Protein chains: 2
Amino acid sequence: MKETENREQAILRAAEREFTTRGFDGAKTTSIAEAAGVTHALLHYYFRTKEKLYERVLDDIISRLEASIVEAFSVSGAPFTSRLEEGLRRHFLFLLDHPDLPRFLIHEIGARSERIALVRARMGRLVGRVFASLQADMERQAARGEIARVSLADLLLDAVSLNAFVFLSYPVIAQLLAPGVEPRAFFLARLEENLTVIRKRLIPDPPCETASPSCSSLWLP
Amino acid sequence: MKETENREQAILRAAEREFTTRGFDGAKTTSIAEAAGVTHALLHYYFRTKEKLYERVLDDIISRLEASIVEAFSVSGAPFTSRLEEGLRRHFLFLLDHPDLPRFLIHEIGARSERIALVRARMGRLVGRVFASLQADMERQAARGEIARVSLADLLLDAVSLNAFVFLSYPVIAQLLAPGVEPRAFFLARLEENLTVIRKRLIPDPPCETASPSCSSLWLP
DNA sequence: GAAATGTTTAACAAGATTGTCAAACCAAAG
DNA sequence: CTTTGGTTTGACAATCTTGTTAAACATTTC
């Protein structure tokens, strides 16, 4: 075998780029082959059909995402809040390395319902692991009154929403909210904001015997 | 003209459904025509090309979104926090009526860069109006120390992230986080969580002379 | 070096998809 | 009734896209 690994790998890389930026329907096997520098017949030789190539790419992507998130929350022994912050930080930095990934996943699970089963199954395992890993620590800290009582599901969804949406909306909001700012600087600033939001979400609800403004009923009409 | 309004409208409705659920590339003019109950030649008679039909649909959608958001924040005279809460509530309910809209916009602005200019221009006007409408009120309340000092851009992006992402991720997370819960109940619960997050984000940073847990350095390693 | 096995290509086939067109249709105006 | 104008259709053309195939090519093995 000459450098078959390279050819196959080249096709996979090109396919991932094409699929993630254009979606399944927008991606053309001819474009992928061209981008990989091979004839499109070779693409079919290696991956049979567009569908199979897509599945392979999707599988690879989810595996990497899964590994990255599990690893992100694996810092053990530290208090819940530290582990959470560290996990969110790594999650965000992972997205910074794969900025098109959220858009791709979101689109494909919505547009192509056949995929949902696969994605959901693997996400299920992933969420299960993260939950199991954090739940006990969270309860412990909540029991001590150090953090507010929140459902872990809500809290994590809050965090993922904040982290992912910056990348989803970037093309529209960047010039709008921060014209002229370096992309990386913009994203890192958002990371800090996101962490602040989550931290504050966990501030215990004060007993409200003080006249503190946060206890006033500003929010109640 | 027999009921031409109805035919044209039927095509537009079918096109919006098809485009928003499948994206530009996934949508087929034949499917749209079929769904609208007309021949596909008629579709071309009214809208010339798929591209033009798409532009029309996109334009309509953005107009409705724009109108809804401007209206959502138009409650004048109330304190900033009330206006914000009311705006976010209405924004969320609008999305509840158009659950595929965030996915559609996010995908299209990412996948088809030609569209960005149009979307960005209109979003620019929209954000400008909302900003102008809220900024002064926000400063006033911050000056009184009733709310934390945050950039309005960050705060609104936080809120939109939280509101939109539930809909984006719904197909995957629903069964995972809340199995068996009615969709509407699930979404409304999320709305409350989102409002809580934003409220807490605005809690003024305490002076930290008390031993309150929120002042401890739990978050600093 | 010849056979066997795996890789690569050019050419082709089948089908889908967008878009056009001339003719049929229909409603209203003269 | 006939003309006129916009509507609607069936049939067609052009192109794009996926997928196949037979043959050329390379590499290993005996």
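Since the model is a prediction, treat every value here as computed from it, not as a measurement. These numbers come from the heavy atoms of this one structure, side chains and all, not from hydrogens, waters or symmetry mates.
The distance from atom CD of B:E8 to atom C1' of D:dT8 is 14 Å, rounded to the nearest whole Å. At whole-Å resolution of the value, CG in A:L53 and P in D:dT18 are 11 Å apart. Atom CZ in B:F24 sits about 8 Å away from atom P in C:dT18, given to the nearest Å. Going from atom CG of A:L42 over to atom C1' of C:dG6 covers 12 Å, rounded to whole Å. We find that OH of B:Y46 is positioned 20 Å from C1' of C:dT18, with the value rounded to whole Å. Straight-line distance from the NE2 atom of A:H44 to the P atom of C:dA11: 17 Å, rounded to whole Å. Rounded to whole angstrom, the span from the CD1 atom of A:I11 across to the C1' atom of C:dT7 amounts to 11 Å. One atom, CD of B:E51, and another, C1' of C:dT17, lie 15 Å apart when rounded to the nearest Å.
Remark: the backbone N or O of A:R17 is paired with a side-chain donor or acceptor of A:T21 at under 3.5 angstrom. Between the side chain of A:R103 and the backbone N or O of A:S169, no donor-acceptor pair lies under 3.5 Å.
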Below 3.5 Å between N/O atoms, which protein atoms pair up with nucleotides 12-17 of chain D? Just atom names and distances, please.
none

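Contacts classified as ring-ring contact (aromatic ring centres under 6.0 Å, His included) and involving residues 53-72 of chain B (residues at least two apart or in different chains) are given here: B:F19-B:Y54, B:F24-B:Y54.
A donor and an acceptor atom, one from each side chain of A:R199 and A:T81, are nowhere located under 3.5 Å apart.
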- Item | Trace of the ring-ring contact (aromatic ring centres under 6.0 Å, His included) decision for A:F73 with A:F131 | CA-CA 10 Å; A:F73 284 101; A:F131 262 54; over 10 Å; no
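Remark: B:Y45 is not in phosphate contact with C:dC21, judged by side-chain N or O atoms under 4.0 Å from OP1 or OP2. Phosphate proximity of C:dT8 to A:R7: present, with a side-chain N or O under 4.0 Å from OP1 or OP2.
Here B:E51 pairs with B:R112, B:R115 under the salt bridge (charged side-chain N to carboxylate O under 4.0 Å, His left out) rule; sequence neighbours left out.
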